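The block underneath contains the structure these notes are about, expressed in structure tokens.
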Amino acid sequence: MKYALLLMGHVDDPACGEDGCAKPEDFFAFDQEITAAGVVVSSFALEDERVVVHTDDAGERVVASSGPFAEVQEFVGGGYIIDVDDVDEAIAWARRSPGSAAGGHVEIRPLAPY
Amino acid sequence: MSDATQRALAAVDHDGRSRLLATLTRQFGDLDLAEDALQDALAQALVSWPESGVPRSPVAWLTTTARRKALDVVRRDAVLATKLARLRDEASRAPNPSGGEEAVPDDRLGMFFACTHPVLRPEDRIALMLRFVGGLSTVEVAHALLTPTATVQQRIVRAKKRIRALGVPFTPPRTDDLPDRIDGVLRVVYLLFSEGFARSTGRAHVDDDLTAEAVRLARLLHRLLPTAETTGLLALLLLTQARRPARTTADGIPVPLADQDRSRWIGDLIVEGLALAESAAGSRGAGPYAIQASIAAVHAEARTADDTDWSQIAVLYRLLQDHDPGPVVRVGRAVAVGRAFGPHRGLDLLDALREEPALARYRPFHIARAITLAEVGDSDGAAAAYRRALELPGNTAEDDFLADALDEFGDRSPDS
């Protein structure tokens with residue numbers, strides 16, 4: 001089954017500031033490990049959530065506007081699509097990811113089969 | 001349908017079916033598919049066996065047929081085609097799917113653990129397990145959980161959808177996940193035993209297959225993880241099971257604990273149960289099952305009903321209530337207090353529980369009130385409580401017992 005691992009951060013969480021949060025090297029090391037395991041279908045890292053552009057159907061036309069959006073507390077920092085046997089394996093990878101370290105969490109979503 | 005076919009199919013009813021379902025589910029990794037295939041195989045047996053004769057091993061025949069039916073479905077259905085890749089032949093499977101650790105050595109126990117998976121909602125887990133692993137009907141599950149049938153149905157549908165969408169594995173968890181998951185499994189084994197011990201429907205009071213299966217599973221769990229609570233559960237089931245020969249008359253009518261011929265209790269089980277109960281009570285982490293085992297041990301040690309140390313039982317119930325403040329435990333405590341300190345005190349505690357909605361439909365509560373009311377000399381109240389108990393669903397053997405009790409008060413409703 002395919003699962004999306006969404007690596008989430010929290011803008012206000014002090015543990016995910018300049019220090020205390022998982023370091024980029026941790027993410028690189030995890031990326032090497034999960035890629036070497038052969039379960040990655042695709043993966044991505046996102047630029048800073050402050051450069052976000054937002055679209056919204058305001059009734060007449062879709063509006064695009066730039067951030068930041070103060071009301072958003074959580075953001076997706078990056079993600080993986082992995083193909084593993086079952087949710088246990090997906091959970092095991094999510095636990096290993098630095099995204100699960102203090103200040104962040106990993107959301108596991110099965111890909112819908114259509 | 002021929003008699004032989006009917007008998008052979010009845011023989012694989014509760015126990016065999018849930019075993020079959022566990023095997024099929026592990027092989028296909030899909031509960032719905034396994035369930036449909038098993039139904040198809042049972043239907044096929046109704047057609048085939050009267051002509052071909054009952055096969056030597058009906059369970060093996062049903063397994064093979066169900067597997068073939070499931071494969072047909074998978075091949076026919078394009079959406080399910082990907083599942084074909086996931087099918088694993090029993091023989092080709094590594095004995096240990098989850099890596100280097102020791103796996104749970106039992107199909108059904110593996111499925112129990114799968115159903116306690118943390119991604120399932122806690123309230124859905126037990127319903128799911130009783131229904132599919134315990135082989136109980138939705139009505140029986142509803143009774144075991146003191147929950148309306150419609151609610152149970154919803155929970156099962158929701159849990160099945162979640163299992164499918166999330167890809168919850170039907171394989172035993174890794175050994176290091178066992179301690180986290182064991183509580184839910186213990187509870188289901190306990191409920192399974194309870195349902196077998198006093199049936200919620202049907203003719204018989206006791207279902208020996210269910211209790212035997214619960215004891216088997218409890219032994220397996222105890223071997224797997226000998227904690228205070230697994231030891232306590234096993235002790236509790238053994239000590240309760242030991243009373244089996246004295247629990248019903250030759251006609252199958254239940255005999256209350258006080259009236260049981262204690263010489264007919266099974267000595268071997270008592271000896272084993274007492275040793276386990278003692279070890280459970282003395283272990284770190286002793287909880288509800290260890291306490292309940294201690295209560296059963298106090299009963300087992302009394303030579304006659306009058307010798308029972310009710311004040312110790314009342315103390316144990318108070319400890320139990322700290323762990324489980326639920327209404328059923330409070331009924332047990334009220335009875336113990338009544339025996340230890342007089343029926344009036346017991347009745348006070350029971351009357352305090354009358355507003356509990358869960359107890360309104362709980363037969364033992366009304367029976368306990370009836371007995372206590374009779375003891376304080378309130379015959380009308382006792383008769384009313386017996387009548388209320390009779391109105392509630394239960395097995396017919398128990399109905400007969402209640403009708404007899406009601407007769408003693410010379411007050412039987414005209415159409416019962």
Side-chain angles (χ1 to χ4, degrees), chain A residues 1-10 13 22 26 29-44 74-114, chain B residues 25-33 74 77-88 92-94 96-101 103-104 110-121 124-125 128 159-178 180-181:
Chain A
M1 285 189 71
K2 292 195 178 73
Y3 296 85
L5 305 185
L6 302 176
L7 281 48
M8 312 289 288
H10 194 285
D13 199 310
D26 299 336
F30 173 74
D31 189 65
Q32 276 189 341
E33 186 190 355
I34 193 170
T35 305
V39 298
V40 176
V41 177
S42 66
S43 65
F44 60 90
E74 278 183 343
F75 62 90
V76 184
Y80 288 88
I81 307 289
I82 59 172
D83 193 349
V84 291
D85 272 354
D86 53 52
V87 74
D88 278 351
E89 265 191 67
I91 291 171
W93 282 113
R95 276 182 181 153
R96 283 239 271 292
S97 161
S100 292
H105 65 267
V106 176
E107 195 168 302
I108 301 164
R109 302 277 293 269
L111 263 61
Y114 43 76
Chain B
T25 307
R26 184 175 53 67
Q27 286 174 355
F28 291 93
D30 185 317
L31 189 50
D32 282 326
L33 184 59
V74 170
D77 192 332
V79 180
L80 287 176
T82 50
K83 289 214 167 74
L84 196 56
R86 289 159 41 85
L87 290 183
R88 298 161 198 172
S92 72
R93 268 173 73 93
N96 202 341
S98 48
E101 342 262 348
V104 183
M111 190 155 159
F112 261 106
F113 278 107
C115 291
T116 55
H117 201 286
V119 300
L120 299 176
R121 289 166 216 248
D124 295 351
R125 293 178 203 154
L128 193 72
K160 272 162 66 174
K161 191 175 170 216
R162 230 174 141 72
I163 283 175
R164 178 191 274 264
L166 277 165
V168 172
F170 280 94
T171 46
R174 300 160 60 96
T175 305
D176 48 1
D177 281 338
L178 273 180
D180 290 342
R181 304 246 204 117

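Quick note on labels: first sequence line is chain A, next is B, and so on, each numbered from 1. Owing to the predicted nature of the structure, the values given are computational and were not obtained by experimental measurement.
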**Asked** In terms of heavy-atom contacts, does CZ of Arg109(A) have more than 12 from other residues, nucleotides or ligands at under 6.0 Å?
**Response**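 Atom CZ in Arg109(A) is not crowded, with 12 or fewer foreign heavy atoms closer than 6.0 Å.
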**Lys2(A), NZ atom: more than 12 neighbouring heavy atoms under 6.0 Å** =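 No, NZ of Lys2(A) has 12 or fewer neighbouring heavy atoms, counting only those of other groups under 6.0 Å.
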**Prompt:** For Ile108(A), is it the side chain, the backbone, both, or neither that has a heavy atom closer than 4.5 Å to a heavy atom of chain B?
**Reply:**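 Neither; nothing under 4.5 Å.
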For [X] versus [Y], what's the shortest heavy-atom pair and its separation?
| X | Y | answer |
| --- | --- | --- |
| Met1(A) | Arg164(B) | CE-O, 4.0 Å |
| Gly167(B) | Asp86(A) | O-CB, 3.2 Å |
| Ala165(B) | Pro110(A) | O-CB, 3.2 Å |

**Request:** Sort Val119(B) into side chain, backbone, both or neither according to what part of it lies under 4.5 angstrom from a heavy atom of chain A.
**Result:**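 Side chain of Val119(B) only, per the 4.5 Å heavy-atom cut-off to chain A.
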